[in-house]
> 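Shown below is the structure under consideration.
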Number of protein chains: 2
Amino acid sequence: MREFFHPDLNDIKVEQVLYALSDPTRLAIVKRLYESGEQSCARFEDLGKKSNLSHHYRTLRECGLIYIRRDGRHSYMTLRQEEMNQRFPGFLESVVKAQ
Amino acid sequence: MREFFHPDLNDIKVEQVLYALSDPTRLAIVKRLYESGEQSCARFEDLGKKSNLSHHYRTLRECGLIYIRRDGRHSYMTLRQEEMNQRFPGFLESVVKAQ
DNA sequence: TAAATAGTTTATTAATTATTAAACAATTGA
DNA sequence: TCAATTGTTTAATAATTAATAAACTATTTA
């Protein structure tokens, strides 16, 4: 079972994070993770087709916003909330709370 | 002398703001405006060619981040800092201070 | 009035990104 | 073991966005 790449905290680029969050689907994913904690991919099927969603997960993972672990045939995602807050204080909260 | 369109505070979309800021040139413009206040376009010529910059100004203006006024043959830009802070508290500061 | 200035807009081409379907991999359950 | 499940990846096409040059507008200065 291959593991996913996750960037180190210090390699996270704010431009990439901003870009990842500028897509409505990806922003919706992040908001749900912020509100409900760890979720499996199945929870987001209402947001699009699975191959498209999988690309979005990758964008979110590679920019450093989320962590994905595999368990059996499931993938579980969490926000890297504490790390983001350490690196960009106040940023993530201001975005997910934007109305 | 035609005036520019500027969206109302309530029409500002966080996705569009995030997208506008995800470009390195536009982010650099916003950081300078944050630090130095109103600037004319001439102050950003080191960041690219003028027609390209003009497109970037437009993106920043249309998403609601900056205000552009014309005076003679010059255009002067300011960040809509108070409004952004009213609409998305803490957001702009967290972005411009991101290292 | 003519030329220069300061920037904007249009049109074109190049480069990125998004979306989909189909193939694939790993795991689980019958 | 075979089929189903749960995603991921690849490959292709469609759609967006970026960058540039050239034309344009309004203003100012000579």
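Order of the sequence lines sets the chain letters (A, B, ...), proteins ahead of strands, with each chain counted from 1.
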> Among dT28(D), dT8(C), dT8(D), which is the nearest nucleotide to the side chain of Y57(B)?
dT8(C)

> Among E82(A), M84(A), E83(A), exactly one meets side chain to side chain contact (heavy atoms under 4.5 Å, CB included) together with L9(A). Which residue is that?
E83(A)

> List for me each residue that meets ring-ring contact (aromatic ring centres under 6.0 Å, His included) alongside H55(B), sequence neighbours excluded, and say none if there are none.
none

> Using a strict heavy-atom distance below 4.0 Å, which residues from residues 28-42 of chain B are in contact with DNA chain C?
S40(B), C41(B), A42(B)

> Please output the side-chain donor-acceptor pairs of residues 26-35 of chain B that fall under 3.5 Å, not counting sequence neighbours, one pair per line with the distance.
{"residue": "R26(B)", "atom": "NE", "partner": "A20(B)", "partner atom": "O", "Å": "2.8"}
{"residue": "R26(B)", "atom": "NH1", "partner": "H56(B)", "partner atom": "ND1", "Å": "3.1"}
{"residue": "R32(B)", "atom": "NH1", "partner": "R43(B)", "partner atom": "O", "Å": "3.0"}
{"residue": "R32(B)", "atom": "NH1", "partner": "D46(B)", "partner atom": "OD1", "Å": "3.1"}
{"residue": "R32(B)", "atom": "NH2", "partner": "D46(B)", "partner atom": "OD2", "Å": "2.7"}

> State whether S75(B) places a side-chain N or O below 4.0 Å from either non-bridging phosphate oxygen (OP1 or OP2) of dA6(C).
no

> Could you tell me the separation between the CZ atom of F4(A) and the P atom of dT9(D), rounded to a whole number of Å?
5 Å

> Going from NZ on K13(A) to CD on E62(A), what distance comes out if it is rounded to the nearest 0.5 angstrom?
13.0 Å

> Can you tell me how far the CG atom of N52(B) sits from the CG atom of L47(B), to the nearest 0.5 Å?
10.0 Å

> For F88(A), give me all partners under ring-ring contact (aromatic ring centres under 6.0 Å, His included), at least two apart in sequence or on another chain.
none

> When the distance from CD of E45(B) to P of dA6(C) is rounded to whole Å, what number comes out?
8 Å

> Could you check whether the rings of F4(B) and H6(B) sit parallel, tilted or perpendicular, using 30° and 60° as the cut-offs?
perpendicular

> Could you run down nucleotides 13-22 of chain D 5' to 3' and tag each one B, S or - for protein heavy-atom contact under 4.0 Å?
----SSBBBB

> Give me, pair by pair, the N or O atoms of the protein and of nucleotides 1-3 of chain D that are less than 3.5 Å apart, along with how far apart they are.
none

> For the side chain of R73(A), counting heavy atoms from C-beta on, which of dT9(D), dT5(D), dT5(C) is nearest?
dT5(D)

> Could you grab the distance from atom CZ of R61(A) to atom CZ of R80(A), nearest 0.5 Å is fine?
11.0 Å

> Grab the two heavy atoms, one from S94(A) and one from G90(B), that are nearest each other, plus how far apart they are.
CB-C, 4.2 Å

